[in-house]
There are 2 protein chains.
Amino acid sequence: MGRAGVSTLGFATLGLLAGESLSGYDVKLRMAEPVGFFWQAGHSQIYPELAKLEAGGMVVHNDVPQSGKPDKKIYEITAEGLSAVKEWVSEPAKSAPTRDEATLKAYLSWLGEPGEMAAMFRELGRRHEKQMERYLETEAWMRSEWGEPKRFERRRFANYAALKRGVGFEREYAQWCRWVSEKLESSG
Amino acid sequence: MGRAGVSTLGFATLGLLAGESLSGYDVKLRMAEPVGFFWQAGHSQIYPELAKLEAGGMVVHNDVPQSGKPDKKIYEITAEGLSAVKEWVSEPAKSAPTRDEATLKAYLSWLGEPGEMAAMFRELGRRHEKQMERYLETEAWMRSEWGEPKRFERRRFANYAALKRGVGFEREYAQWCRWVSEKLESSG
DNA sequence: TTTCTTTATGTATATCTTGACATATAAAAC
DNA sequence: GTTTTATATGTCAAGATATACATAAAGAAA
């Protein structure tokens, strides 16, 4: 956890709410799609997290009655929440590599049948390549929609920067997978 | 968890024990240094994990009495454990990107002061560059000690492949950090 | 018309992970 | 001589995460 007992997921949520007020369900949707590429959480984490943030005075909610369905809770960030996330965002980011099962499998690849290992890494490489292409499509969309990246305003640049990381990550990963599978093939 | 209720940490441990019999403490040391770059665990996870693996028949131990100190438990992989890890290693690796706090901070960078954000990413880039250099030193050592990578036997190649991933990862990460910090600087 | 998906919000359980607590000796550094 | 580090093995509690359980209605698809 970061400052004042707020976890990284808490700050991710605050960051989303800093841009717009959202229901728990909307937070969940954003956690799945753009944010989910670098920080995932299911709704079973998000709803309790929002309650915890509210208990800590970081957000407040107002109920929007719905016909039949349960009330929609629209969460809004407080001044306290906004200053907390603003402080957190420029603090040193901790830990980057952490856990990567594929690298572990590469390290232990001598235990497997070379042909099977090669196939596994080839398939993994394809998956990362596809993900890279999806990111590149989004990047193309941004350029066509927002113009020259040089002139992006801060919020769009932030979006673009995260995407750029995704592209670089997937490209490097796919290359490595291809290299591993080729070497395993030629040796087996 | 993977097959037969063995977690990824369990397979990492089995993988180490497939190469040599080790005490829990030795596993801990390897989990810190070479394996720790892509899969970390403290001793408080390792000792119970070894007990669990033993309960599942994947490993066995014999006590080596020490003068004064508690008995050293040397763990040995069983035939069952070996076949389990051999099966696991060529199964598709799941999930790669998962959680990266720095990318999250980039995505929310519009909330921070540009100068401070730039400094944070500059420093982060330096850290990744240093890590890359450490990996490159190890790579140089491997080449000088083991000769041409082309002719590495399987176990050494596996070691080299994991290291290669580390180098690529850190290089790409450092480049991205530098790019982010430069853009933030020129805009602020 | 029936089934599936989306909207909408939660709880419960199990496991994973981290950090602290706990003990004990030998060897090396200061 | 005293302190710190390395060896050596554990437990415990708190927090994070994943998966399943649970409900309910609107709308789209079959």
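Each chain gets a letter, A, B and so on, in the order its sequence line appears, and its residues count up from 1. If you're wondering where the values come from, they're calculated on a predicted model, not measured in any experiment.
- Taking the six-membered ring for Trp and the full ring otherwise, B:Phe169 and B:Tyr135 have centroids separated by 6.0 Å or more.
- Of the residues in residues 19-29 of chain B, those with a non-hydrogen atom less than 4.0 angstrom from any atom of DNA chain D are B:Ser23, B:Gly24, B:Tyr25.
- As a whole-Å value, the separation of A:Arg30 CZ from C:dT7 C1' is 14 Å.
- Rounded to 10°, the helix from C:dT1-D:dA30 to C:dC30-D:dG1 has 40° between the axis fitted to its first five pairs and the one fitted to its last five.
- Here the side chain of B:Ser7 is nearest to one of C:dC16, C:dT9, D:dA16, namely C:dC16.
- Residue B:Glu170 is tested with B:His128, B:Gln131, B:Arg127 for a side chain to side chain donor-acceptor pair (under 3.5 Å); the sole match is B:His128.
- Ring-centre distance between A:Trp110 and B:Phe157: not below the 6.0 Å cut-off.
- If you measure from atom NZ of A:Lys72 to atom C1' of C:dT9, you get 12 Å, rounded to the nearest angstrom.
- Within the 4.0 Å cut-off from OP1 or OP2 of C:dC16, not a single side-chain nitrogen or oxygen of B:Gln45 is found.
- Using a 30° and 60° split on the angle between ring planes, A:His61 and A:Tyr75 fall in the tilted class, from 30° to 60°.
- In this structure, NZ of A:Lys52 is placed 16 Å from C1' of C:dT11, rounded to the nearest angstrom.
- Picking from D:dG10, C:dC16, C:dT17 the nucleotide with the shortest atom distance to the side chain of B:Lys73 gives D:dG10.
- In this structure the side chain of A:Leu22 never reaches within 4.5 angstrom of the side chain of A:Ile74, judged on heavy atoms.
- If you take OH of A:Tyr47 and P of C:dT9, they are 4 Å apart, rounded to a whole angstrom.
- Residue A:Phe11 contributes atom CZ, which lies 15 Å from atom C1' of D:dA16 at whole-angstrom precision.
- When distances run from any side-chain atom of B:Pro48 to the nucleotides C:dG10, D:dT17, D:dT11, the shortest one goes to D:dT11.
- B:Thr98 approaches A:Gln40 most closely through the heavy-atom pair O-NE2, 2.8 Å.
- The separation between B:Lys94 atom NZ and D:dT17 atom C1' is 14 Å, rounded to whole Å.
- Residue B:His43 has its side chain nearest to D:dT11 when only D:dA8, C:dC16, D:dT11 are considered.
- With hydrogens and angles left out, the side chain of A:Ser44 and the base of D:dT19 share a donor-acceptor pair within 3.5 Å.
- Note: CD1 (A:Ile46) to P (D:dT17) measures 11 Å, nearest angstrom.
- Using the six-membered ring where Trp is involved, A:Trp176 and A:Phe121 have ring planes that are perpendicular, over 60° apart on the 30 and 60° scheme.
- Atom CD of A:Glu101 is separated from atom C1' of C:dC16 by 14 Å (rounded to the nearest Å).
- Picking from C:dC16, C:dT17, D:dT11 the nucleotide with the shortest atom distance to the side chain of A:Arg99 gives C:dT17.
- In this structure, B:Tyr107 and A:Val35 have side chains that are in contact, with non-hydrogen atoms separated by less than 4.5 Å.
- Under a 4.0 Å N-O distance rule, the pair A:Lys105/B:Glu91 does not qualify as a salt bridge.
- For B:Arg178 and B:Glu182, the salt-bridge test fails: no basic side-chain N is under 4.0 Å from an acidic carboxylate O.
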